[in-house]
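Every chain is numbered from 1 and lettered A, B, ... according to where its sequence line falls, protein lines coming before strand lines.
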Protein chains: 2
Amino acid sequence: MEIEIALKRLSALAQQSRLEVFRRLVQAGAEGLAAGDLARAVDIPANTLSAQLVILVNAGLARSRREGRSIIYSADYDGMGALLVFLMEDCCQNRAEVCGPLAAAVTRPSCNPV
Amino acid sequence: MEIEIALKRLSALAQQSRLEVFRRLVQAGAEGLAAGDLARAVDIPANTLSAQLVILVNAGLARSRREGRSIIYSADYDGMGALLVFLMEDCCQNRAEVCGPLAAAVTRPSCNPV
DNA sequence: TCGAAGTTTCCATAAATGTAGAATTATGGA
DNA sequence: TCCATAATTCTACATTTATGGAAACTTCGA
């Protein structure tokens, strides 16, 4: 992954409300959440949230689609996975000290559903 | 990990020169690098770099120690590992879509030295 | 005790970011 | 066609962040 993209994604996550929004999107799964519902859930004015969502989408961490009058946002798992791989490989050079705790997390059952 | 700490670490990495500095520190390994050498390597004025290093240390991504007249900086692997675990577990809920590519990375030989 | 090397702190300035009111656009129902 | 709903874009303002010159601090060798 190019550094510029990694920086964009890191910046997108490095902000209180955007990180919370992203987590909610992950929880919501593939169906996603309408912008309005999201705004109510995180208690942020619709236009402010809209600006945050633009940043997440632009960073490749979320997607949007229209459904009637609503616009539905969902987490971009591929984008997030690629960021984690970048941090692990390019940034940390697969150092055992960093891999260790992560290997434990990645091999947990929740991470490998049947 | 607390959200606040995660945000601090993400912010610390979400900046061009700091990300580069962190990568160099990872490359340098446990011995680390003197602030001055680092400044020359990344071509940044000493005082500017110093401010960046404060941010990395404060975020728990780097450590410093004095050696004679020099101050040696090194990457904090534990801090970085914890951030990755946070992103994987708390943030992404160990979703298989995100774990997948990461599992591949984590099981590579370079990540599990003899 | 002095001076040089290495680094940080102080400070001011420029640039980027976050926020939300008001206006605008798109959609669907009456 | 008209209205209400859902969301975005425009705009301005306040806050935060990045940057580097100058001064100060610490360490070591002469």
Discussion item. If you define the side chain from C-beta out and look only at heavy atoms, does anything of B/D90 sit under 4.5 Å from A/R23?
Written reply: yes
Worksheet item: Can you tell if the side chain of A/V21 reaches within under 4.5 Å of the side chain of A/Q52, non-hydrogen atoms only?
Response: no
For [X] and [N], give me the distance from atom [atom1] to atom [atom2], rounded to whole Å.
X: B/I72; N: D/dT26; atom1: CD1; atom2: C1'; result: 15 Å
X: A/R40; N: D/dA6; atom1: CZ; atom2: P; result: 7 Å
X: B/K8; N: D/dT16; atom1: NZ; atom2: C1'; result: 15 Å
X: A/R65; N: D/dT8; atom1: CZ; atom2: C1'; result: 18 Å
X: A/L49; N: D/dA7; atom1: CG; atom2: C1'; result: 10 Å
X: A/L7; N: D/dT17; atom1: CG; atom2: P; result: 16 Å
X: B/L56; N: D/dA18; atom1: CG; atom2: C1'; result: 14 Å

Fill in: Nearest-0.5 Å distance, CE of residue B/M80 to CG of residue B/L56
10.5 Å
Item to complete: Walk me through it: do B/S17 and B/V42 pass the test side-chain contact (heavy atoms from CB on, under 4.5 Å)?
Response: CA-CA 8 Å; B/S17 38; B/V42 299; over 6 Å; no
Item to complete: Applying side-chain contact (heavy atoms from CB on, under 4.5 Å), run through B/L38 and B/L25 and close with a yes or a no.
Response: CA-CA 9 Å; B/L38 203 42; B/L25 290 181; 3.8 Å; yes
Discussion item. Please identify which of these residues, B/L102, B/N94, B/V85, B/L84, meets the side chain to side chain contact (heavy atoms under 4.5 Å, CB included) condition with A/V106.
Written reply: B/L102
Worksheet, complete the sentence: Residues of residues 26-35 of chain B with a heavy atom under 4.0 Å from any atom of DNA chain C, listed by number, are B/A34, B/A35
Worksheet entry | Watson-Crick or G-U counterpart of C/dC2, or none if no pair lies under 3.5 Å | D/dG29
Fill in: Closest nucleotide among C/dT8, D/dA7, C/dT7 to the A/Y73 side chain
D/dA7
Item to complete: Identify whether A/L7 and A/V54 are in the same connected component of the hydrophobic contact network (ILVMFWY, side-chain heavy atoms under 4.5 Å).
Response: no
Discussion item. It should be established whether B/S70 places a side-chain nitrogen or oxygen under 4.0 Å from OP1 or OP2 of nucleotide C/dT7.
Written reply: yes
Worksheet item: With the threshold set at 4.0 Å, does a side-chain nitrogen-carboxylate oxygen contact exist between A/R24 and A/E20?
Response: yes
Fill in: Sidechain-backbone polar pair: B/R66 side chain, B/G68 backbone, donor-acceptor under 3.5 Å
yes
Discussion item. Counting the atoms with a prime plus P, OP1 and OP2 as sugar-phosphate, which does A/S50 contact under 4.0 Å by heavy atoms, base, sugar-phosphate, or nothing?
Written reply: base
Response to the item:
Scoring nucleotides 16-30 of chain C by protein non-hydrogen atoms under 4.0 Å (B base, S sugar-phosphate only, - none) yields --SSBBB----BB--
